[in-house]
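Each remark here refers to the structure printed beneath this line.
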Number of protein chains: 2
Amino acid sequence: MGETGSAAEGRGRTRIQRLNQARLLDAALKVFSQEGFRAATLDQIAAEAGMSKPNLLYYFASKEEIYRAVLDRTLDLWLEPLRGLDPQGDPVEEIRAYIRRKLEMSRDNPQESRLYANEILRGGAVIMAEMTGPLRALVMQKAAVIRRWIAAGRLAPHDPVHLIFAIWATTQHYADFDAQIRAVLGEDAGDPIEGAERFLQQLFIEGLRPR
Amino acid sequence: MGETGSAAEGRGRTRIQRLNQARLLDAALKVFSQEGFRAATLDQIAAEAGMSKPNLLYYFASKEEIYRAVLDRTLDLWLEPLRGLDPQGDPVEEIRAYIRRKLEMSRDNPQESRLYANEILRGGAVIMAEMTGPLRALVMQKAAVIRRWIAAGRLAPHDPVHLIFAIWATTQHYADFDAQIRAVLGEDAGDPIEGAERFLQQLFIEGLRPR
DNA sequence: GGCATTCTTGACCATATGGTCAAAGACGGG
DNA sequence: CCCGTCTTTGACCATATGGTCAAGAATGCC
């Protein structure tokens, strides 16, 4: 008897299950990231995945379940760049590398970024537990690393948590506010993220004051 | 004969019209900013304004019309801080003041910020004209000012448009991602924006490199 | 105080949407 | 190639939602 897909992705038992769950999660990411939870419809997601709505509901028991599944799948990807901040590395170089990784993420996975933006704008009820749990813990851990760097005089004194917020804000901005950035920059201008990389590296390290 | 409110706000002819249109726009701001266009419902907005749905539709002919009215009303407010960047002022002090004004905006008008974030996440079709028109023009004008400051050696050389993006991103982040910020900081910590002000002023001006 | 105009809303409509169900169709081990 | 299991979907249901309408309630000018 089928436990009708109440388990998330990797747990599909048969080949067809794994394939279709993956197709559905991709489709759901696309739709949820553009529309947000409430405005997205199961018909849209099913159509995007090339199947019928009842078939979607065969794999995921409800709209909320597939939404949670997409969010879960994305969370790890989302924390990875910060995890890579190496306490043993050179502080300035580590921050540079973190900014670079986050910008790559905005370029290669803008949908994931918008999915989170949508969720958090709505209040983030669905992922509140991840935020006050693993996310908060990781931020605190890396903030401690940065504080040690500062204490050793290898970084100017700044609040490390707000520093992390600033890196999130500036890098994710290029995914979340893409429409505005293209409108302001004009269509002709090349990839905004290339300019962003140069600019952010310099701003974060050197600041605006002339020397 | 009633032209049934097809005009936006200030144009209400009678006292009751002005009052009710204002009440509806406030309610609409609240609901649209939290839910986004599609997920918001007219019933919600009407209830929030303390009246019936047909009465809402007496003042605004459709959901899209009240949505546009809210967006329009907010746009000016939104551009004001950048308009205040004074070409005659001291460059570092002007940037500082701009960051301060934008942070105040995030603290005092977070709903407006989220309204825009929602709209732009969806692709910004409704305000595309404002973005490629007035917004783009203002950004280009102020970018020219910043470029002159740089040419005069009064600011370190940076791409001025990306600088404006970075200020938008970091300051609006505290309104748009409020839920995440509070989750990471914990409930106890005071007003996040106070810490943000100190941090951003320092980051933008001095950067991270120790000296 | 009476009347035209402006406001307000209960009842209603068409459509969209999350979700159910039963029956048909594809798969795969024996 | 047969049969039990897994997939798939058309038809359907209850509810929500944007919007209409006609009639009643205020309002304000004369």
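Quick note on labels: first sequence line is chain A, next is B, and so on, each numbered from 1.
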> Between A/Leu57 (CG) and C/dT17 (C1'), how many Å, whole number?
Replying inline: 11 Å
>> Output the rounded distance in Å from CZ (A/Arg18) to P (D/dC6).
In response: 14 Å
> Tell me: CG of B/Asp43 to P of C/dG10, nearest whole Å?
Replying inline: 12 Å
> Nearest 0.5 Å, what's the CG-OG1 distance between B/Leu203 and B/Thr170?
Replying inline: 8.0 Å
>> Holding to side chain to side chain donor-acceptor pair (under 3.5 Å), I want the full list of residues that pass it with B/Gln172, two or more places apart in sequence or in another chain.
In response: none
> When the distance from CG of B/Leu24 to P of C/dT9 is rounded to whole Å, what number comes out?
Replying inline: 11 Å
>> How many whole angstroms separate atom OH of A/Tyr59 from atom C1' of D/dT9?
In response: 12 Å
>> Between C1' on C/dA16 and CZ on B/Arg38, what's the gap in Å once rounded to a whole number?
In response: 8 Å
> Checking B/Arg23 side chain against B/Ala49 main chain: does a donor-acceptor pair fall under 3.5 Å?
Replying inline: yes
> Under 4.0 angstrom, heavy atoms only, what part of the nucleic acid is A/Ala40 near: base, sugar-phosphate, or nothing?
Replying inline: sugar-phosphate
> What residues, two or more places apart in sequence or in another chain, satisfy side chain to side chain donor-acceptor pair (under 3.5 Å) together with B/Asp26?
Replying inline: B/Arg73
> Quick one: side chain to side chain donor-acceptor pair (under 3.5 Å) partners of B/Thr41, sequence neighbours excluded?
Replying inline: B/Gln44
> How far apart are the closest heavy atoms of B/Tyr116 and B/Leu71, and which atoms are they?
Replying inline: OH-O, 3.3 Å
> Hey, are B/Glu194 and B/Arg198 close enough for a salt bridge, meaning a charged N less than 4.0 Å from a carboxylate O?
Replying inline: no
> A/Thr41 has a side chain; which of D/dG19, C/dT17, D/dG18 sits nearest to it?
Replying inline: C/dT17
>> Applying side-chain hydrogen bond (donor to acceptor under 3.5 Å, both in side chains) as the test, list every pair that has at least one member in residues 128-140 of chain B; sequence neighbours left out.
In response: none
> Quick one: is D/dC6 close enough that its OP1 or OP2 comes under 4.0 Å of any side-chain N or O from A/Gln17?
Replying inline: no
> Given D/dC6, is OP1 or OP2 found less than 4.0 Å from the side-chain N or O atoms of A/Asn20?
Replying inline: no
Under 3.5 Å between N/O atoms: give me all the protein pairs with nucleotides 25-30 of chain D, atom names plus distance.
{"residue": "D/dG28", "atom": "OP1", "partner": "B/Arg15", "partner atom": "NH2", "Å": "2.4"}

>> Between P on D/dT8 and CZ on A/Phe60, what's the gap in Å once rounded to a whole number?
In response: 13 Å
> Hey, can you pull the residues of residues 44-55 of chain A with a non-hydrogen atom under 4.0 angstrom from DNA chain C?
Replying inline: A/Lys53, A/Pro54
> Within the distance-only criterion (no hydrogens, no angle test), does the side chain of A/Ser106 pair as donor or acceptor with the backbone N or O of A/Thr171 below 3.5 angstrom?
Replying inline: yes
> Which one, C/dT17, D/dT17, D/dT8, comes nearest to the side chain of A/Tyr58?
Replying inline: D/dT8
>> Output the rounded distance in Å from CG (B/Leu56) to P (C/dG10).
In response: 14 Å
